[in-house]
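Note sheet for the following structure.
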Amino acid sequence: MAFFVVQGLTSLYQMTTGGTASSALTLPTGVTLDSTLRLRGAVLGNLAVLVGSPSENITVDQDGVVRRLSPRPPSVAPVLAVGSAGTLSGTYTVWITFKFKDEFGNILAESDFSPISASVVLTSDMLSATKIQLTTESIPTGTFFSRQLYRSATSGTVKFPWLELEGNTLMAVEDDLSDAGLALVAAPTDLGNPPNFENIVSWKSRLWGKSVIEPDTLYQSGNGKAYAFPAARTIPIPPTNADTVGITGFLPRRDELGVGKRNSIHKISGTNEDNFTRTVITEGIGIWAMDSCVVVHDVGYFLGNPYGLYTWGPGGVKNISDTKVKAWFETDTYFNRSEFDNAWGMYDPTTNSYILLLSNAGDTTLNRWIQYDISTGNFWGPHKTDAFTPTGGVLLRDANDIAIPVWMASDGKLYKPQA
């Protein structure tokens, strides 16, 4: 079932393809929305992953349930002890993760591992795990909580799934499952809690994000796992520490992920974590406006630096504005260039046009827009409307799955073109 998520001030709403909005969605305890920051998001599987304005990364599912992107990991290791008579002999260690699952038992999210327990030595005993930490968070409505225990084989260091404790009441457990009885597949190696993201994109069945506190680092999730961001799978995007802005935008083409800095553009290519590689596309040209990035028919469009409108496609990076409307971007006559970093791009399929919202000279709101006709290469504008003040634009799909451009406005309404 298709659905859309919109933010109004400090609340989230789910909207159907027919334009009907839900009541305000319930946020996880402790999570708030900042109305001064932009909501950004990506879709992976059946989850909308939202970052930017939320105080923590969150997801929204088709039932309107809002959860943290990844459960906070246990901060305390389990305590092991020699249990009652059993059959285990050797030296063992244990780890714990927190899980959220759906009603069918599918894993919605799993936290990073707890600290490793102190080892315990057994001689034909049961292994006892006690003082198993409970989550300190409220369990979100509509989810099923469990604690997954992972155990080593005797004297080993590899984590194997051992026991899963459903609910949040059981505080101790005993078991003497042999090493041979453990699961043949070891614990996931791609677990890891993400930082707070400022921007995020979906590419190659993974999420890729720019964090708030490490803006030069590109994070990637596990394959098909929106919640798992292993620390070992990050890619630094140079130059590092050159400014406080860092990564300025993403262009997810079919086989390449464009990653912008203000003065360079890089691409990630490959098919999985074993062969993802970074390559420099351009130096001296960069992405300036994060929300100007739009990919249409495998060609990326963006407001770039030096100021101008650019494309990135099979033929490389090209400036498409200098020959026709250079003055729009290189003078102060038409637009407030100090507001260029707040520019917003969108695609209009009804006219096959890339639209860029900008601020009029002397203004700070997005009260003008220009239009680039992809079919003809012509520019149109600057345009304005007295009906509302735009704050952005998106593509939504109606009940017949037809894509339509929709304007977001400062009056809290969504507008669509008249037929």
Inter-residue atom distance [X].[atom1] - [Y].[atom2], 0.5 Å rounding:
| X | Y | atom1 | atom2 | result |
| --- | --- | --- | --- | --- |
| Asn378 | Lys324 | CG | NZ | 4.5 Å |
| Leu127 | Asp176 | CG | CG | 9.0 Å |
| Ile116 | Ile96 | CD1 | CD1 | 12.5 Å |
| Leu257 | Leu251 | CG | CG | 8.0 Å |
| Asp341 | Asp291 | CG | CG | 10.0 Å |
| Leu12 | Leu39 | CG | CG | 6.5 Å |

Taking all non-hydrogen atoms of both residues into account, name the closest pair between [X] and [Y] and its distance.
| X | Y | result |
| --- | --- | --- |
| Val31 | Ser55 | CA-OG, 3.5 Å |
| Asp373 | Ser353 | CA-OG, 3.9 Å |
| Gly209 | Phe250 | C-CZ, 4.1 Å |
| Thr350 | Pro405 | CG2-CD, 4.2 Å |
| Leu207 | Ala42 | CD2-CB, 3.9 Å |
| Pro161 | Ala186 | CD-C, 4.1 Å |

[X] side chain to [Y] side chain, donor-acceptor N/O pair below 3.5 angstrom:
| X | Y | value |
| --- | --- | --- |
| Asp179 | Thr154 | no |
| Asp61 | Asn46 | no |
| Asn352 | Tyr347 | yes |

Pairwise side-chain contact, [X] with [Y], heavy-atom cut-off 4.5 Å (strictly under):
| X | Y | value |
| --- | --- | --- |
| Thr331 | Arg337 | no |
| Arg68 | Phe100 | no |
| Pro195 | Val212 | no |
| Glu273 | Arg206 | yes |
| Val121 | Thr91 | yes |
| Val280 | His266 | yes |
| Leu357 | Trp407 | yes |
| Ile355 | Trp344 | no |

key: side chain to side chain contact (heavy atoms under 4.5 Å, CB included) between Leu80 and Arg151, intermediate numbers included   = CA-CA 11 Å; Leu80 302 187; Arg151 196 196 86 190; over 6 Å; no
What is the ring orientation for [X] with [Y], classed by angle as parallel under 30°, tilted 30 to 60°, or perpendicular over 60°?
| X | Y | value |
| --- | --- | --- |
| Phe335 | Phe340 | tilted |
| Trp328 | Phe379 | perpendicular |
| Phe113 | Tyr150 | perpendicular |

ask   = Stepwise, does the side chain to side chain contact (heavy atoms under 4.5 Å, CB included) test hold for Asn199 with Ile247?
value = CA-CA 9 Å; Asn199 196 10; Ile247 295 170; over 6 Å; no
task = Salt-bridge test for Glu166 and Lys101: reply yes if a basic N is under 4.0 Å from a carboxylate O, no otherwise.
result =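 Looking at Lys101 together with Glu166, the answer is yes, because their closest N to O distance falls below 4.0 Å.
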request  = Determine, for Lys225 against Asp190, whether the closest basic-nitrogen to carboxylate-oxygen distance falls under 4.0 angstrom.
outcome  =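 Here Lys225 pairs with Asp190 in a salt bridge, since their nearest N and O are under 4.0 Å apart.
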message = Please identify which of these residues, Lys210, Arg262, Lys261, meets the salt bridge (Lys or Arg N to Asp or Glu O under 4.0 Å) condition with Asp216.
response =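 For Asp216, the salt bridge (Lys or Arg N to Asp or Glu O under 4.0 Å) test succeeds with only one of Lys210, Arg262, Lys261, which is Lys261.
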Partners passing ring-ring contact (aromatic ring centres under 6.0 Å, His included) against Phe302 (at least two apart in sequence or in another chain) =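 Result, ring-ring contact (aromatic ring centres under 6.0 Å, His included) vs Phe302: Tyr310.
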query = Taking only residues two or more places apart in sequence, or in another chain, which ones meet Phe329 in a ring-ring contact (aromatic ring centres under 6.0 Å, His included)?
reply =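 If we apply the ring-ring contact (aromatic ring centres under 6.0 Å, His included) test to Phe329, skipping adjacent residues, there are no hits.
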query = Are Arg253 and Trp312 close enough, and set up right, to give a side chain to side chain contact (heavy atoms under 4.5 Å, CB included), and what steps lead you there?
reply = CA-CA 9 Å; Arg253 295 176 57 206; Trp312 171 48; 3.4 Å; yes
key: Verdict with reasoning, Val406 to Ile404, per side chain to side chain contact (heavy atoms under 4.5 Å, CB included)   = CA-CA 6 Å; Val406 174; Ile404 54 174; 4.3 Å; yes
inquiry  = For Phe276 and Trp208, I'd like to know if the aromatic rings sit close, meaning centre-to-centre distance below 6.0 Å.
reply    =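 Under 6.0 Å, so yes.
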message = Test: salt bridge (charged side-chain N to carboxylate O under 4.0 Å, His left out). Region: residues 109-119. Which pairs qualify, not counting sequence neighbours?
response =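 Every pair satisfying salt bridge (charged side-chain N to carboxylate O under 4.0 Å, His left out) with a residue in residues 109-119: there are none.
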message = Between Thr279 and Lys267 (side chain of the first, backbone of the second, donor and acceptor by atom type, cut-off under 3.5 Å), is there such a pair?
response =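 A pair under 3.5 Å: no.
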